[in-house]
**Student:** 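First the structure, then my questions, so here it is.
If you read the sequence from its start, that first residue is 1, and numbering goes on from there. Both counts, for ligands and for their atoms, begin at 1 and track the order of listing.
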Amino acid sequence: MTDNRPIGIYDSGLGGLTVWREVRRALPRESLLYLGDGKNCPYGSRTKEEIRLLADAAVGRLVEKGCKMVVVACNTATAAAIDFLRDKYHEIPIVGMEPAVKPACLNTRTGVVGVLATERSLDGDLFCRTAARYGKGIEVIAVPGRGFVELVESDREQTPEAEECVRRAMREMLDRGADQIVLGCTHYPFLMEALRKVSAGSGARIIDPSPAVARRVVSLLKSADAFADKAQKPFYEFDTFADEAYRQRLRKKAEKALE
Ligand code: DGL
């Protein structure tokens with residue numbers, strides 16, 4: 001069997017494009033429908049209830065548009081709403097983001113792991129449970145990436161200001177010898193250059209979970225026998241709750257992310 005319907009990918013804004021890129025690379029025949037809210041971004045310091053309403057509206061729109069699966073490419077929305085979304089939209093698989101704390105804890109040699117994520121992700125059950133489960137005997141230093149999302153949303157990733165912001169957030173974990181640093185927000189890989197620069201020489205490995213999410217999408221489609229037809233020419237669409245200018249920005253940033 002084949003299924004030519006698109007895969008929906010949703011984030012509060014531009015960040016989920018780091019997941020979109022990996023899904024597109026892993027599944028070049030699949031059509032992708034990306035919804036970057038944009039109007040209500042950032043989500044990171046909103047209440048769980050607010051985020052759940054926003055995520056419901058977004059996933060509802062993707063389901064209405066006929067997606068065969070939705071990837072919630074937003075750690076914050078996953079933390080606040082994944083169970084609710086899976087329950088409400090049970091007719092299709094909903095894939096969420098998982099903080100890569102497990103591989104980090106398994107691979108650390110110094111016994112110190114750093115986690116960068118939004119405030120709401122860090123105080124969510126998902127992160128607390130994962131950290132408690134895999135972080136036994138390991139020092140897990142979790143720090144919110146203050147200002148990171150705003151930098152990415154305004155295309156200021158390659159500025160001295162971005163480097164300073166990243167330096168501030170990473171200081172404690174690097175000082176304490178973290179050798180694994182987990183990016184727990186899909187916006188953060190856009191700051192990879194600054195993250196690498198600031199951690200250069202420390203030997204720390206920076207973990208972007210998006211390739212693992214793309215592998216999960218592949219495996220779900222495989223087990224459901226729901227890949228798109230080999231002859232199908234994929235389409236890539238961008239949608240938003242903001243305005244047309246933001247929709248164009250999503251498209252441009254997506255193209256740039258593939259370079
Ligand atoms: N990109 C999102 C995440 O993975 C949300 C960032 C935000 O809107 O604060 O958490």
**Student:** Please say whether G44 places an N or O atom under 3.5 Å from an N or O atom belonging to ligand 1.
**Tutor:** yes
**Student:** Applying a 4.0 Å heavy-atom criterion (strictly less than), which segment of S12 is in contact with ligand 1: side chain, backbone, both, or neither?
**Tutor:** side chain
**Student:** Other residues, nucleotides and ligands only: do more than 12 of their heavy atoms fall within 6.0 Å of CD on E139?
**Tutor:** yes
**Student:** Please report which non-hydrogen protein atom sits nearest to atom 10 (O) of ligand 1, along with the residue it belongs to and the distance in Å to one decimal place.
**Tutor:** T76 OG1, 2.6 Å
**Student:** Between R29 and D229 (salt bridge meaning N to carboxylate O under 4.0 Å), is one present in this structure?
**Tutor:** no
**Student:** Does W20 have its ring centroid less than 6.0 Å away from the ring centroid of Y10?
**Tutor:** no
**Student:** Judging by distance only, is a nitrogen or oxygen of S121 under 3.5 angstrom from one on ligand 1?
**Tutor:** no
**Student:** Taking a cutoff of less than 4.0 Å between a non-hydrogen atom of the residue and any ligand atom, is G13 in contact with ligand 1?
**Tutor:** no
**Student:** Would D37 and K39 pass as an ion pair if we require N to O under 4.0 Å?
**Tutor:** no
**Student:** So which heavy atom in the protein is nearest atom 7 (C) of ligand 1, and how far is it from that ligand atom?
**Tutor:** Y43 N, 3.3 Å
**Student:** Going by the order shown, which atoms of ligand 1 are within less than 4.0 Å of some heavy atom of P42?
**Tutor:** 7 (C), 8 (O), 9 (O)
**Student:** When you measure from the centre of the six-membered ring of Y43, is the NZ or CZ of R120 closer than 6.0 Å and no more than 45° off the axis?
**Tutor:** no
**Student:** Hey, which atoms in ligand 1 end up nearer than 4.0 Å to a heavy atom of N75?
**Tutor:** 3 (C), 4 (O), 10 (O)
**Student:** Which of the numbered atoms in ligand 1 are under 4.0 angstrom from any heavy atom belonging to V149?
**Tutor:** 6 (C), 7 (C), 9 (O)
**Student:** Please say whether the positively charged group of K253, taken as NZ for Lys or CZ for Arg, lies over the ring of F238, i.e. under 6.0 angstrom from the six-membered ring centre and within 45 degrees of the axis.
**Tutor:** no
**Student:** State, with a plain yes or no, whether a side-chain heavy atom of H187 is found less than 4.5 Å away from one of C41.
**Tutor:** yes
**Student:** Are any of the N or O atoms of T118 closer than 3.5 Å to those of ligand 1?
**Tutor:** no
